[in-house]
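Counting starts at 1 for both ligands and their atoms, following the listed order. Along the sequence shown, residues are numbered consecutively beginning with 1. All figures in this text were calculated on a predicted structure; none of them were measured in a lab. FYI, side chains are in, hydrogens and waters are out, and symmetry mates aren't considered; it's all heavy atoms of this structure.
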Amino acid sequence: MPAGAPILSAAQMAAAEAACAARGIVPADLMERAAHAVAREAARFAAGRPILVLAGPGNNGGDAYGAACLLRAAGCDVRVAALGEPRAGAAAAMRARWAGPVTSLADAPPRPFVIDGLFGTGMSRAFDGEAAARLCEDAFILSIDLPSGIDADRGAALGDAIRADVTLALGSLKFAHVAGEAASRCGHVLLDPIGIDVSSSARTIARPRINPPAAAEHKYSRGLVCVIGGAMGGAARLAAAAAARGGAGYVVLASDDRRTPLDAIVHREPDARSDTIADVRTSALLIGPGLGRDAAARAACAQALASDLPLVLDGDALALISIAALAARRSPTILTPHGGEFDALFGAGDAPKIARTVAAARASGAVVIHKGADTVIADPEGNVIVANPPSWLSTAGTGDVLAGLVAARLAVTHAPMRAACEAVWLHQRAAGLAGAALVADDLPMHVPQAIAECR
Ligand SMILES: NC(=O)C1=CN([C@@H]2O[C@H](COP(=O)(O)OP(=O)(O)OC[C@H]3O[C@@H](n4cnc5c(N)ncnc54)[C@H](OP(=O)(O)O)[C@@H]3O)[C@@H](O)[C@H]2O)[C@@H](O)CC1
Ligand SMILES: Nc1ncnc2c1ncn2[C@@H]1O[C@H](COP(=O)(O)OP(=O)(O)O)[C@@H](O)[C@H]1O
Ligand SMILES: [K+]
């Protein structure tokens with residue numbers, strides 16, 4: 001996935017395209033550039049294999065006809081199968097340029113390399129993809145802009161959507177490249193800006209820059225993280241270990257369980273929880289991993305919310321707070337809900353995940369890390385960063401590790417959106433370093449290497 005790349009809705013993409021026209025770059029120019037980009041990548045990936053171009057009735061099909069012409073001119077073995085016929089504009093002109101035969105999808109024999117140019121951002125309703133599926137079954141598939149059959153904004157498959165090996169996004173990434181079910185249908189995502197200027201408040205995550213501590217720093221100035229433990233000691237220990245490896249200067253763990261994951265982590269008795277929450281030296285307080293939901297947990301949450309400390313709320317804590325109490329806070333707050341916790345706190349709703357996460361950040365005044373295969377980070381100003389972490393993270397306790405990293409980065413940076421992005425990047429990188437079949441305990445030890453890569 002291209003790092004730090006803008007992400008647009010279909011409507012925002014169309015507006016950017018219209019703005020090009022105002023600068024004298026007409027749709028035919030953009031389609032020409034798109035066709036060149038598709039032909040370039042197709043030639044590279046096909047590597048001499050016979051190519052079948054699937055062309056649809058809209059501009060996605062126009063890109064496909066344009067690429068077919070360029071590939072044939074370059075000596076490639078190209079056939080075209082079409083669904084509908086472009087009727088007007090740049091797409092019709094590209095169609096007219098293709099002098100070779102065009103068969104229906106049903107009549108086309110399969111070929112080992114398919115360029116999928118059936119539908120892009122204009123996909124509006126479910127499509128019967130049976131004939132396309134037959135042609136794609138054993139082929140390497142390069143999708144133009146989006147795998148056909150995807151809702152560009154929601155990332156939902158509309159009927160029989162295509163599953164691509166490589167998707168070449170044109171102009172900008174769309175929400176479907178990073179969010180929802182569609183993200184896993186895109187395969188490897190490439191982006192060609194085709195000369196369109198785009199700006200967006202939503203971007204893909206990029207490697208952060210993390211500097212070593214300045215020479216004058218000491219353990220307290222580096223950031224004191226306090227982790228409040230509860231019913232399940234292991235969760236708080238995972239979080240504390242991650243906070244220590246995540247660059248905090250000092251980590252305190254207040255819990256019933258005297259065991260700490262590292263000797264460097266200071267244990268405090270649970271009856272000192274209230275003193276810990278009141279400790280003004282604390283740079284970031286983490287509450288929630290393994291907390292439980294009993295009266296003591298509720299009281300600790302209420303005290304944490306009422307404090308002026310920078311706060312990270314995870315797990316059980318998210319079930320013990322209200323949006324109103326969050327909105328009343330003046331200090332930085334970061335929430336780290338998974339999908340179920342998010343729905344319970346903010347409501348399920350039909351809107352796309354990115355829009356729901358932005359609304360949650362606005363309503364709560366907090367930075368929200370809405371976790372999952374498409375992790376959406378939003379701040380109350382509407383800035384959004386999206387990450388697609390490795391699926392091996394889908395195992396118990398990895399969220400506790402993330403919460404500890406968030407607390408560490410908040411303690412160090414004092415900037416909640418930056419802290420959230422740094423933590424999510426370090427978490428996914430540590431997962432990549434830990435590799436297949438990782439368990440949550442493996443992650444903290446890989447965080448120093450991930451930080452070392454952030455110079
Ligand atoms: N962004 C940019 O700057 C640039 C964008 N470019 C390219 O344009 C693409 C967007 O093009 P687009 O808007 O023409 O839409 P597209 O995806 O081709 O499909 C629309 C057609 O499909 C039809 N249709 C829809 N659903 C259907 C169904 N279920 N079953 C059957 N038909 C269905 C629909 O029919 P209608 O709904 O109107 O009846 C209409 O005819 C974009 O993804 C990129 O590749 C580049 O050329 C250059 C720069
Ligand atoms: N399929 C997946 N692909 C990528 N990341 C995932 C997937 N499932 C879960 N994750 C990540 O794993 C972590 C799980 O967090 P959470 O559900 O709170 O687990 P726990 O409470 O057991 O620690 C989150 O960072 C989440 O984004
Ligand atoms: K397509």
*Looking at ligand 2, does any of its N/O atoms fall within less than 3.5 Å of an N/O of Thr395?*
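No.
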*Could you tell me whether some N/O pair between Glu341 and ligand 2 is separated by less than 3.5 angstrom?*
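For ligand 2, there is no N or O atom that lies under 3.5 Å from one belonging to Glu341.
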*asked:* Evaluate Gly122 for polar contact with ligand 1, using N/O atom pairs at a separation under 3.5 Å.
replied: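 In this structure, Gly122 places an N or O atom under 3.5 Å from an N or O of ligand 1.
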Using a 4.0 Å heavy-atom cut-off, say whether [X] meets ligand 2 through its side chain, its backbone, both or neither.
{"X": "Thr398", "answer": "both"}
{"X": "Asp400", "answer": "both"}
{"X": "Pro390", "answer": "backbone"}

*Right, does atom 34 (C) of ligand 1 have protein non-hydrogen atoms nearer than 4.0 Å?*
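False for atom 34 (C) of ligand 1.
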Is the contact between [X] and ligand 1 made by the side chain, the backbone, both, or neither, using heavy atoms and a 4.0 Å cut-off?
{"X": "Ile194", "result": "side chain"}
{"X": "Ala126", "result": "backbone"}
{"X": "Asp63", "result": "side chain"}
{"X": "Leu146", "result": "neither"}
{"X": "Asn59", "result": "both"}

*Among Ile7, Leu191, Thr167, find the one that has a side-chain contact (heavy atoms from CB on, under 4.5 Å) with His177.*
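Checked Ile7, Leu191, Thr167 against His177; only one passes side-chain contact (heavy atoms from CB on, under 4.5 Å): Thr167.
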Against heavy atoms of [X], which atoms of ligand 1 measure under 4.0 Å?
{"X": "Gly120", "result": "16 (P), 17 (O), 43 (O)"}
{"X": "Ile196", "result": "3 (O)"}
{"X": "Ser124", "result": "25 (C), 26 (N), 37 (O)"}

Nearest neighbour in protein (non-hydrogen) for [atom]:
{"atom": "atom 32 (N) of ligand 1", "answer": "Phe119 CE2, 3.4 Å"}
{"atom": "atom 43 (O) of ligand 1", "answer": "Asp145 OD2, 2.6 Å"}
{"atom": "atom 2 (C) of ligand 1", "answer": "Glu17 OE1, 3.2 Å"}

*Please state whether the separation between the K ion (ligand 3) and some N/O/S atom of Leu118 is under 3.4 Å?*
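No - counting backbone and side chain alike, Leu118 has no N, O or S atom under 3.4 Å.
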*Indicate whether any N or O donor in one side chain lies under 3.5 Å from an N or O acceptor in the other, for Ser201 and Asn383.*
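Short answer, no.
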*Tell me which one of Gly56, Gly58, Ala55 gets a heavy atom nearest to atom 21 (C) of ligand 1.*
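Minimum heavy-atom distance to atom 21 (C) of ligand 1 goes to Gly58.
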